[in-house]
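Both backbone and side-chain heavy atoms feed into the values below; hydrogens, waters and symmetry mates do not. Naming: A, B, ... by sequence-line order, numbering from 1 per chain.
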There are 2 protein chains.
Amino acid sequence: MSADAEPAPVSAKPPVTLREVAAAAGVSVATASKALNGQGRMTAETRERIREVAQRLGFRPNHLAQSLLRKRSFTVGLLTNDTYGRFSLPLMAGVSDALVDNGVSVFLCNVEDDMRLGQLHVEAMLDKRVDGIIATGKRIDRHLPIDLSNLRIPVVYAFTQPDPGAVGLVSDDAGGARLAVEHFLRLGRRRIAHVTGPAGFAVVHTRAEAYREMLEEHGLPVGEPLLGAWSEAWGHDAVARLFGNGRGREGWPDAVFCGNDQIARGVIDALRERGIRVPDDVGVIGFDNWEIVAEATRPPLTSVDMNLASLGREAGLALLSLVGGQPAAPGIRKLPCRLVVRQSCGRPPGG
Amino acid sequence: MSADAEPAPVSAKPPVTLREVAAAAGVSVATASKALNGQGRMTAETRERIREVAQRLGFRPNHLAQSLLRKRSFTVGLLTNDTYGRFSLPLMAGVSDALVDNGVSVFLCNVEDDMRLGQLHVEAMLDKRVDGIIATGKRIDRHLPIDLSNLRIPVVYAFTQPDPGAVGLVSDDAGGARLAVEHFLRLGRRRIAHVTGPAGFAVVHTRAEAYREMLEEHGLPVGEPLLGAWSEAWGHDAVARLFGNGRGREGWPDAVFCGNDQIARGVIDALRERGIRVPDDVGVIGFDNWEIVAEATRPPLTSVDMNLASLGREAGLALLSLVGGQPAAPGIRKLPCRLVVRQSCGRPPGG
DNA sequence: GCGATCTGGGAAAAGGTTTTCTCAAAAGGG
DNA sequence: CCCTTTTGAGAAAACCTTTTCCCAGATCGC
């Protein structure tokens, strides 16, 4: 039992090459290549024999060599500045999902909000000859801190502000807001408040506008949307304003549509602390469908899901077709949201 | 103003090659290569001239060609099954941080818990000739559903169960638990309870054991750790048990060490609902330092941080040295945690 | 039986870079 | 002034695969 019985000379012998396969099969590399790729003409036996030898030797073609020749690396870069990955991870999963079947791998680069870092990563990608780039961020109305406009390879923007003339995919926030309000209306709620994030975010206005329109269409009173932070604390404050002593109980909302799940959670907690029951007295809907939050609220939160995985899938497919030479219609495409119903709105009357 | 003034024939001319640089500078490719890499012998003027030409033409060496030759792709794969990225994202950031300066890029692959998908991704990586692989997961005591044991390229395991004989990096959970208990002791807390996750997790026992030892060392009463789920709901339940009517107020704990931040949040909320003040009556410490949760609790939660970014950095560096041919000591290396103090424990008496 | 077609398979170039070897010219030594 | 050493730079191989010819032998039609 010597200590160095097998020091595992990690040095691992080099991978087997096509040349070796050809030699073992007694053919030329050209023939071997064609046999394995189903190209060229040869007897079925020859092809099969070569295939078997390759199999036996564990041959795997060297993608680097292939890429060099084909001028396609079957690799794309995903740029994000969403450090916590709340938005970019589902998106990434979708992208990956769309690409893996095509043998395409994804370089993930977090550029924070650092131009230098972004530049560095983009150059690294370019040097590695990625076939294309997907740019994604944590908010729809901001550019990544990188210029991707003259890149010679296709770029798709997902969940971030696209360059003019580029193809961009974002969620349909207005549609999402309508979904939420509709749900409330269907449940018979009539005094619907809206508590959302800071004015600096475009989505705040998009959603608020949609909310307003929906209510007006139905001839319902439109409360002024309450703008604040994307935080639970703001949810608490907002409840203090909406359900404060200023107005009588009959002036209270019977529904609150929140700009994200954290606000919604704050709202729900604050309501509970005031003895106002959710969903019996007030229904609450959040936005983002961040499961970890939505499922921990009491009761679990109904929320608008932006379908980020689908968005990622679409972005991946769009990039793929762009790489394949298909011209894609530039401009921003909005993908629908969906409502994930949990228990914070109650059942329809008589439902 | 014709619509097709500049249809932007996306066809982008091909990148400039070394051959073109050489031609433009009136030298051979060999000389050009050596000039740009600081190799070979030539007059300073020649070298400078070539450099300038390269600069002017915007030459960037083709990494595919370089990799093919050097047998190093300057690319590594990161495998994870942590869909929400709570653990793998900070880790990834650390890895990336350690590697980017060395020109190494990272393929991120989420293998969920799907063996087939894992196999697929690993083979794709192998085909793309990654220099090494970092395997990471969402819990320390489980293997990824993939066999990486005979891979011919180095593998480093970070925050997941390593193969025997491989190099693995994990957090020092026992140390983290001691940090928490020490903090309580320093603040004069004496009746410290422990509420944690399910028995199926190794860390539950590691931390509970460290907790127990610390208390015994100090001659303090050791409560039986309460095992449950990793959820807020369990935090509520646990409070009901610890602060129920069964025992008198003087039997109540004055500190609760929680197995993660969600449990801690449940505990804090439940205490508040019972009118028990945090931190005045009871101190609470969480685990994971998941900022989004820790900062939203009222009061903000003191929590043990596993330093996952550092772990990632170390993993990246370890892989790098392995790739460079340095033999690394196999086995599991534990990296220290740190305590992030917020406001859920109060100040030291007289502090 | 002879020219035309077909068939199976190979040689070689291409892709972009690095590195080793080679070689001519210049410099140096005696 | 001749021989050796140094210097500057180029030719070519190598990395691995794909693809475009090309060719020798077989088959076919008449």
Point to revise | Reported CG-to-CG distance for the pair L68(B) and L64(A), which is rounded to 0.5 angstrom | key: 6.0 Å
Exercise for review: Using atom CZ of R41(B) as one end and atom C1' of dC21(C) as the other, report the distance to the nearest whole Å.
Suggested key: 12 Å
Practice item. Could you go through the side chain to side chain donor-acceptor pair (under 3.5 Å) check for K138(B) and S88(B) one step at a time? Key: CA-CA 7 Å; K138(B) 56 191 164 196; S88(B) 60; over 6 Å; no
Review point. Rounded to the Å, how far apart are L36(B) CG and dT17(C) P?
Key: 10 Å
Review point. Can you name the nearest heavy-atom pair linking R60(A) to R129(B), along with the distance?
Key: O-NH2, 3.6 Å
Review point. Take atom CD in E123(B); do more than 12 heavy atoms of anything else shown fall under 6.0 Å from it?
Key: yes
Review point. Does D101(B) CG have over 12 foreign heavy atoms under 6.0 Å away?
Key: yes
Revision key, fill the gap. Sorted by position of nearest nucleotide on DNA chain C, 5' first, the leading residue of R47(A) and L64(B) is R47(A)
Provide a list of protein-nucleic acid N or O atom pairs under 3.5 angstrom, restricted to nucleotides 13-19 of chain D.
from    : atom 1 : to     : atom 2 : distance (Å)
dC15(D) : O3'    : K71(B) : NZ     : 3.1
dC16(D) : OP1    : K71(B) : NZ     : 3.0
dT17(D) : OP1    : N62(A) : N      : 3.2
dT17(D) : OP2    : L18(A) : N      : 2.4
dT18(D) : OP1    : Q66(A) : NE2    : 2.6
dT18(D) : OP2    : S33(A) : OG     : 3.0
dT18(D) : OP2    : N37(A) : ND2    : 3.3

Review point. Atom CE of M42(A) to atom C1' of dC6(C): distance rounded to whole Å?
Key: 16 Å
Check your understanding: What's the CD-P distance between E48(B) and dA9(D), to the nearest Å?
Key -> 14 Å
Exercise for review: Would you please test S33(B) and Q39(B) for side chain to side chain donor-acceptor pair (under 3.5 Å) and show each step?
Suggested key: CA-CA 8 Å; S33(B) 171; Q39(B) 305 289 328; over 6 Å; no
Point to revise | Member of V76(B), L320(B), L322(B), L148(B) meeting the side chain to side chain contact (heavy atoms under 4.5 Å, CB included) criterion with V156(B) | key: L322(B)
Practice item. Mind listing the residues from residues 119-128 of chain A sitting with a heavy atom below 4.0 Å of DNA chain D? Number order is fine. Key: none
Check your understanding: Once you round to the nearest 0.5 Å, how far does CZ of F74(B) lie from OG of S105(B)?
Key -> 10.5 Å
Check your understanding: T46(A) near the nucleic acid: base, sugar-phosphate alone, or nothing, with a heavy-atom cut-off under 4.0 Å?
Key -> sugar-phosphate
